[in-house]
Amino acid sequence: MFLINLDHVGIAVRDLDAALAEYARQYRIQSVHREVIESQGVEEAMIAVGGSYIQLLQPLAEDTPVGKFLAKNGEGLHHVAYAVPDLDAALDHLRSEGVQLIDEEPRLGGSDKRIAFVHPKALAGTLVELVESP
Ligand code: MC0
């Protein structure tokens, strides 16, 4: 099958600097990449853990996906991201299985990688992101 790796786990936070300070204090780990992604309405910080990442997400505004999520749920697990070698093939496969997609076509995420989201209603209430990693 096309799922090849756990790319990252996205966690919604209110204050990126405060969350990063806690990761450093509790686990002695720091972010390896930080970026504002206007199209997604977030600032992200990536923390390398093993072969994957923890992605901390601070919303740029309340009326963004992460801003709405925080208002409803508070801080916590926002999504799980899987690395796939061919995103178009992965989306074709999910479509053929009748899976509810958020993105019918890939868009650009952090580090300009091709990504697509799958609706949380499709699988155990978990928002899934697919990240193309050839
Ligand atoms: C919403 N729901 C979630 C959820 N967000 N369930 C699990 N995990 C989440 N993160 C549930 C709500 O509880 C609700 O369930 C239903 O979905 C509809 O939610 P809503 O609050 O009415 O919000 P919508 O429908 O306007 O939007 C939800 C949706 C949206 C997931 C479609 O957030 C979206 O398009 N997300 C994909 C983009 C995204 O999340 N971007 C930020 C990360 P009930 O049962 O009450 O109906 S960007 C990122 O991560 C990039 C930078 C990257 O990695 O490169």
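Order of appearance sets the numbers: ligands from 1, and atoms from 1 within every ligand. Sequential numbering from 1 along the given sequence is applied to the chain's residues.
Considering backbone and side-chain N/O of G110, one or more are found under 3.5 Å from N/O of ligand 1. Taking only nitrogen or oxygen atoms, main chain and side chain alike, T126 does not reach within less than 3.5 Å of ligand 1. Checked by distance only, ligand 1 and H119 stay at 3.5 Å or farther apart across all their nitrogen or oxygen atoms.
P65 CB, 3.6 Å is the protein heavy atom nearest to atom 39 (C) of ligand 1. Regarding atom 2 (N) of ligand 1, its nearest protein heavy-atom neighbour is P120 CG, 4.0 Å. Considering only non-hydrogen protein atoms, atom 5 (N) of ligand 1 sits nearest to F69 CD1, 4.0 Å. Of the protein's heavy atoms, H78 O, 2.9 Å lies nearest to atom 10 (N) of ligand 1.
A donor-acceptor pair under 3.5 Å is absent between the side-chain atoms of N5 and the main chain of D7, judged by distance alone. One N or O on the side chain of R95 and one on the backbone of E104 form a donor-acceptor pair closer than 3.5 Å. Distance alone, capped at 3.5 Å, is enough to place a donor-acceptor pair between the E132 side chain and the L87 backbone.
The option from V66, I37, T64 that lies nearest to atom 42 (C) of ligand 1, judged by heavy atoms, is V66. One option in I115, I102, D7 has a heavy atom closer to atom 34 (C) of ligand 1 than any other, and that option is I102. When Q40, R114, K72 are ranked by how near their heavy atoms come to atom 14 (C) of ligand 1, first place goes to K72.
Within the structure, every pair that satisfies the side-chain hydrogen bond (donor to acceptor under 3.5 Å, both in side chains) test and touches residues 44-65, not counting sequence neighbours, is listed here: H8-Q55, E44-Q55, Q55-H79.
For G125, the closest heavy-atom approach to ligand 1 falls below 4.0 Å. At least one heavy atom of R107 sits closer than 4.0 Å to an atom of ligand 1.
Close contacts between ligand 1 and G109 involve ligand atoms 55 (O) [criterion: under 4.0 Å to a heavy atom]. For ligand 1, the atoms lying closer than 4.0 Å to a non-hydrogen atom of H8 are 54 (O). Close contacts between ligand 1 and K121 involve ligand atoms 15 (O), 44 (P), 45 (O), 47 (O) [criterion: under 4.0 Å to a heavy atom]. In the vicinity of H79, heavy-atom distances shorter than 4.0 Å reach the ligand 1 atoms 50 (O).
Remark: R14 engages no residue in a salt bridge (charged side-chain N to carboxylate O under 4.0 Å, His left out) (not counting sequence neighbours).
Just one residue in the list L77, I102, V118, V80 forms a side-chain contact (heavy atoms from CB on, under 4.5 Å) with L127, and that residue is I102.
When distances from atom 31 (C) of ligand 1 to the protein are checked, a heavy atom turns up under 4.0 Å. Distance check for atom 7 (C) of ligand 1: a protein heavy atom is found below 4.0 Å. Atom 50 (O) of ligand 1 is approached by the protein to below 4.0 angstrom, counting heavy atoms only. At a distance under 4.0 Å, no protein heavy atom can be found next to atom 27 (O) of ligand 1. Of the protein's heavy atoms, at least one falls inside 4.0 Å of atom 37 (C) of ligand 1. Put simply, atom 47 (O) of ligand 1 has protein non-hydrogen atoms near it, under 4.0 Å away.
In K113, neither the side chain nor the backbone holds a heavy atom less than 4.0 Å from any atom of ligand 1. Looking at K68 against ligand 1, only its side chain comes within 4.0 Å, counting heavy atoms.
V131 and L6 fall into different hydrophobic clusters, where Ile, Leu, Val, Met, Phe, Trp and Tyr are joined by side-chain heavy atoms under 4.5 Å apart, directly or via other members. Note on L108: it does not cluster hydrophobically with L130, by side-chain heavy-atom contacts below 4.5 Å among ILVMFWY residues.
Closest approach of S31 to I47, counting heavy atoms only: CA-CG1, 4.0 Å. Minimum interatomic distance between V66 and P59 (heavy atoms only, all atoms of both residues): CG1-CD, 3.8 Å.
Here the CD1 atom belonging to I115 is positioned 4.5 Å from the CD atom belonging to Q40, to the nearest 0.5 angstrom. Between atom CG of residue L57 and atom CE of residue M46 there is a gap of 8.5 Å, rounded to the nearest 0.5 Å.
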Worksheet item: Going through the distances and angles, do I54 and I29 end up as a side chain to side chain contact (heavy atoms under 4.5 Å, CB included)?
Response: CA-CA 11 Å; I54 297 295; I29 48 178; over 6 Å; no
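Using a cutoff of 4.0 Å between basic side-chain nitrogens and carboxylate oxygens, R114 and D103 are not scored as salt-bridged.
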